[in-house]
Amino acid sequence: MPVDSKLTASSEKLIPEKQIAGKLLAHYDRHARTLPWRAPPGANATDPYRVWLSEIMLQQTTVAAVIPYFQKFTTRWPDVSALAAADEAELMAAWAGLGYYARARNLIACARAVVRDHDGAFPPDADTLRSLPGVGAYTSAAISAIAFGRRAVAVDANVERVVARLFAIDTPLPGGRREIDAAADGITPDARAGDFTQAMMDLGATICTSRKPACGICPLREDCAAFRTADPAAFPVKAAKKAKPHRTGHAWWIENGGDVWLERRPDKGLLGGMRGVPTSVWRVAGGGEGDSPPDYPFAGRWTALSDPVVHIFTHFSLALTVHTVRAERDCMAGRDGEWWPKADLASAGLPTLFGKVAAAAMREELPCP
DNA sequence: GATGCGTGGTA
DNA sequence: TTACCAAGCAT
């Protein structure tokens with residue numbers, strides 16, 4: 001061992017965080033990804049509106065999926081005042097396909113809160129940001145650091161993974177979060193808070209990936225406890241997930257002339273606030289009593305499509321049998337909904353499930369009434 | 001702390 | 001094909 005091994009060891013023990021942040025930021029200066037919502041490394045001007053919008057869209061959503069939506073939203077609503085004044089139905093339709101639709105409802109609520117309670121400017125403080133709709137522990141810290149340069153510890157799935165590996169934390173998630181949060185706090189520098197946050201996420205997204213981490217090109221390899229183990233990818237340890245149940249149900253495709261009947265779903269719950277065709281209740285399959293027979297909304301010449309529409313949600317899978325019918329305009333009298341031109345379904349903003357239903361229904365010619 | 005909440009890509 | 005995963009939040 002070199003003569004100064006004791007000194008080296010002790011200094012690494014005292015301030016390993018500064019070394020880690022320094023190495024990571026140096027790497028970020030050379031390799032930062034170019035993203036539509038991101039300023040160049042070191043830039044001190046970042047539009048909080050664009051940071052906020054991107055962070056909401058990126059919750060549990062990949063960069064590739066977000067980019068076209070981010071472009072569409074910033075073109076249509078260039079600032080928080082414009083978004084606060086947006087037509088809610090139009091915004092929900094613009095969000096269609098991105099998923100987790102509560103984010104879209106909270107997006108408007110948040111923009112309106114910023115205009116009403118904060119003079120139209122996002123607050124820089126993480127705790128204040130945290131009180132806004134749709135802004136939680138991670139997003140508030142990320143906005144505070146990225147848009148305002150404040151020191152804040154933003155722990156998303158990337159940071160969680162990087163930190164668990166750096167310190168070989170093997171306490172299973174989600175229980176291990178407190179330990180990981182503390183370790184993340186320990187390596188967060190005071191300066192360049194926004195760059196550090198984004199550098200951690202870039203590292204997790206491009207090098208310290210979940211499946212096959214590219215340790216060979218990692219700037220933190222020498223500091224990484226997991227790298228010194230046989231299997232760095234074994235971190236973080238996660239609790240086993242529950243099996244997802246299968247549900248079945250019926251969907252009603254009701255045509256009148258060139259129109260189809262659409263309804264807006266309740267604000268709460270699955271696909272809340274989104275347009276779709278009416279459906280039956282969805283029941284867990286394999287209950288032993290067989291599939292329930294269709295309970296049509298009204299009498300008519302219904303035709304069942306041969307193949308059900310299958311869709312996988314986060315926590316269950318679904319098979320919907322689509323029943324089509326031609327009917328008079330007043331067949332849905334008393335129900336809350338609208339006749340929508342089939343030729344203009346793209347503008348209805350259907351979530352993916354109902355897009356599949358529409359595609360399946362329009363593949364077949366309906367019998368005359 | 002556990003559960004509900006979308007979608008598309010990947011191995 | 002199945003299972004996991006991705007810049008989480010609200011309840």
Side-chain angles (χ1 to χ4, degrees), chain A residues 33 35-38 50-70 92 95-107 109-110 129-147 152-162 172-178 181 184 194 196-206 208-213 233 236 238-247 265-274 276 282 310-318 349-356:
Chain A
R33 289 179 293 173
L35 299 170
W37 46 84
R38 178 180 283 183
R50 293 167 67 87
V51 173
W52 162 72
L53 180 61
S54 69
E55 289 298 341
I56 300 299
M57 288 183 164
L58 287 161
Q59 289 167 4
Q60 297 287 283
T61 309
T62 59
V63 166
V66 163
I67 286 175
Y69 284 86
F70 182 81
M92 296 301 290
W95 194 278
L98 199 54
Y100 285 140
Y101 298 100
R103 292 184 295 174
R105 300 194 300 275
N106 284 331
L107 198 71
C110 182
L129 286 162
R130 179 80 169 78
S131 68
L132 294 166
V135 178
Y138 161 76
T139 303
S140 57
I143 296 173
S144 187
I146 298 170
V153 186
V155 181
D156 73 326
N158 286 306
V159 177
E160 194 174 73
R161 183 172 57 253
V162 169
L173 291 170
R177 262 305 293 264
R178 301 193 70 80
D181 287 351
F196 178 77
T197 295
Q198 296 181 88
M200 287 288 281
M201 293 192 286
D202 270 21
L203 189 74
T206 64
C208 195
T209 55
S210 179
R211 305 276 172 85
K212 289 183 175 178
K238 296 189 178 182
K241 296 194 172 166
K242 267 178 46 180
K244 62 177 64 174
H246 183 67
R247 298 183 192 176
R265 298 171 60 82
D267 273 334
K268 302 259 181 190
L270 190 76
L271 308 178
M274 301 302 289
W282 308 340
V310 175
H311 191 70
I312 312 295
F313 292 102
T314 304
H315 52 300
F316 67 92
S317 59
L318 174 67
L350 296 179
T352 299
L353 168 66
F354 294 116
K356 290 179 180 178

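None of these values were measured; they are calculated from a predicted model. Naming convention: chains lettered A, B, ... in sequence-line order (proteins, then strands); numbering from 1 in each chain.
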Those residues that, when tested against [X], pass side-chain hydrogen bond (donor to acceptor under 3.5 Å, both in side chains) (two or more places apart):
{"X": "A/Thr62", "answer": "none"}
{"X": "A/Arg177", "answer": "A/Glu160, A/Asp181"}
{"X": "A/Asn158", "answer": "A/Asp156, A/Arg161"}

Next item on the list: Report, as a single string ordered 5' to 3', how protein heavy atoms within less than 4.0 Å touch nucleotides 5-11 of chain B: B base, S sugar-phosphate only, - not at all.
Entry: BBBS--S
Check every strand shown and say whether [X] touches a base, only sugar-phosphate, or nothing at a heavy-atom separation below 4.0 Å.
{"X": "A/Val159", "result": "nothing"}
{"X": "A/Ile146", "result": "nothing"}
{"X": "A/Arg33", "result": "base"}

Margin query: Distance under 4.0 Å to a non-hydrogen atom of chain A counts as contact; along DNA chain C, which nucleotides mark the start and end?
Written below: C/dC4 to C/dA10
Next item on the list: In whole angstrom, give me the gap between the C1' atoms of C/dG8 and B/dG1.
Entry: 15 Å
Checklist line | Between C/dA7 and B/dC5 - P atom distance, rounded Å | finding: 23 Å
Check: Of A/Leu58 and A/Pro133, whose closest DNA chain C nucleotide lies nearer the 5' terminus?
Finding: A/Leu58
Check: What residues, two or more places apart in sequence or in another chain, satisfy side chain to side chain contact (heavy atoms under 4.5 Å, CB included) together with A/Ser54?
Finding: A/Trp37, A/Leu58, A/Phe70
Next item on the list: Please report the C-alpha distance between A/His311 and A/Phe313 in whole Å, then the side-chain angles of each, then the deciding distance to 0.1 Å, and finally whether the ring-ring contact (aromatic ring centres under 6.0 Å, His included) criterion is met.
Entry: CA-CA 7 Å; A/His311 191 70; A/Phe313 292 102; 4.7 Å; yes
